[in-house]
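What follows is one structure encoded as structure tokens, with my remarks underneath.
All values derive from a computational prediction rather than experimental measurement.
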Amino acid sequence: MKRIAPVVLCFVGAFAATTHGQASRIEPVHVSAGAVLTFYLHARLNPTSGDSVDGLPKGTLLRVKMLDSVDSAVNADGTEFHGTVVSGLTSSGELVIHSGSEVRGILALLRSRSHPEGFRYELLITGLTDHGRSYTLTASLNPSLADPPVASISKATPKGNSKSSESGATHYS
């Protein structure tokens, strides 16, 4: 019996090693208030509502001046942000969205097959108000909501040096 106790103690000690969780390496999103970002229109929830915004094709560029700062290291998934449209949009020669229109959006943590951690952050526009009329729509910083190719993931720039990437995203490290 005396010999079994040290063997059991060694056995338990060998499997009682401390385990550490895997560190999350999800690419952060840092956007300062005042930054101008380019969003790509994706979809309308009611595309047959008969208003002029329905005529805007998927991929239409929407330039937005951010009114709120967004930092994925500080803000939680689902945090709302606000902005204003920088330049109006036309469809069939008619001004559809006026400059200065209000934009609402969220910081979203999306599932991603191409990201090693399985997730990526995305800024999504969810609505727009123009001259008292509200529109529900979806727009993001990427031309597609599908996972971007791994090679095109933007790298962060040094702190204090903002830069608009090809997709219009402004990142700070």
Side-chain angles (χ1 to χ4, degrees), residues 17-49 51 53-86 89 97 101-130 134-173:
T18 305
T19 59
H20 299 282
Q22 186 176 0
S24 177
R25 305 296 289 185
I26 300 171
E27 179 129 3
V29 172
H30 306 280
V31 179
S32 297
V36 176
L37 306 179
T38 300
F39 288 85
Y40 295 84
L41 185 63
H42 292 292
R44 294 277 320 274
L45 289 181
N46 296 316
T48 58
S49 60
D51 57 45
V53 175
D54 292 336
L56 295 173
K58 180 178 178 179
T60 298
L61 301 179
L62 186 62
R63 304 265 303 149
V64 174
K65 180 178 180 180
M66 299 291 288
L67 298 178
D68 303 316
S69 294
V70 178
D71 184 346
S72 60
V74 176
N75 303 118
D77 177 35
T79 299
E80 293 183 8
F81 67 85
H82 298 88
T84 58
V85 174
V86 174
L89 297 176
I97 305 287
S101 296
E102 299 174 39
V103 172
R104 299 172 306 285
I106 60 170
L107 171 67
L109 185 60
L110 302 178
R111 197 90 162 111
S112 173
R113 276 186 253 159
S114 66
H115 193 281
E117 297 297 324
F119 296 94
R120 66 184 165 94
Y121 282 109
E122 185 76 57
L123 292 179
L124 299 174
I125 291 178
T126 57
L128 187 140
T129 303
D130 182 35
S134 292
Y135 303 100
T136 302
L137 50 86
T138 304
S140 74
L141 294 174
N142 293 303
S144 171
L145 285 176
D147 288 337
V150 176
S152 73
I153 295 175
S154 63
K155 300 294 180 198
T157 57
K159 192 169 198 146
N161 179 15
S162 70
K163 182 179 178 184
S164 259
S165 70
E166 194 66 29
S167 68
T170 302
H171 298 277
Y172 297 92
S173 58

Reported CZ-to-CZ distance for the pair Arg111 and Arg120, which is rounded to 0.5 angstrom: 12.0 Å
Distance (rounded to the nearest 0.5 Å) between Leu41 CG and Leu89 CG: 8.5 Å
Rounded to the nearest 0.5 Å, what separates atom CG in Leu124 from atom CG in Leu107? 8.5 Å
Would Phe119 and Leu110 count as a side-chain contact (heavy atoms from CB on, under 4.5 Å) if you check the C-alpha gap in whole Å, the side-chain angles of each, and the deciding distance to 0.1 Å? CA-CA 5 Å; Phe119 296 94; Leu110 302 178; over 6 Å; no
So, for Glu122 and Ser140, which heavy atoms are closest and what is the spacing to 0.1 Å? OE2-CB, 3.6 Å
Might you point out which heavy atoms bring Gly83 and Leu67 nearest each other, and give the distance in Å? CA-CG, 3.7 Å
Please test Val31 against Asp68 for side-chain contact (heavy atoms from CB on, under 4.5 Å), starting from the C-alpha separation and ending with a verdict. CA-CA 8 Å; Val31 179; Asp68 303 316; over 6 Å; no
Of all the heavy-atom pairs spanning Tyr40 and Gly59, show the shortest one and how long it is. CD2-O, 3.8 Å
Exercise: identify the closest heavy-atom pair between Asp77 and Leu109: OD1-N, 2.7 Å
Of all heavy-atom pairs between His42 and Pro143, which one has the smallest distance, and what is that distance? CE1-O, 3.2 Å
Steps toward side-chain contact (heavy atoms from CB on, under 4.5 Å) verdict (Tyr121, Glu27): CA-CA 7 Å; Tyr121 282 109; Glu27 179 129 3; over 6 Å; no
With a 4.5 Å heavy-atom cut-off, do Ile125 and Leu137 have their side chains touching? yes
State, without any angle test, whether Thr126 and Arg104 hold a side-chain donor-acceptor pair at a distance under 3.5 Å. no
Expected output: side-chain Ser101 to main-chain Asp130 donor-acceptor under 3.5 Å: no
Under a 4.5 Å cut-off applied to non-hydrogen side-chain atoms, are Leu37 and Arg63 in contact? no
So do the side chains of Glu80 and Asn75 get within less than 4.5 Å of each other, counting heavy atoms only? no
Between Phe81 and Leu123, the two heavy atoms sitting closest are CE2-CD2, 3.9 Å
Side-chain H-bond candidate by donor/acceptor type, Ser69 with Ser32, under 3.5 Å: no
Evaluate side-chain contact (heavy atoms from CB on, under 4.5 Å) for Val103 paired with Leu128, printing each intermediate quantity in order. CA-CA 5 Å; Val103 172; Leu128 187 140; 4.2 Å; yes
In the structure I gave you, are the side-chain heavy atoms of Leu61 and Thr38 within less than 4.5 Å of one another anywhere? yes
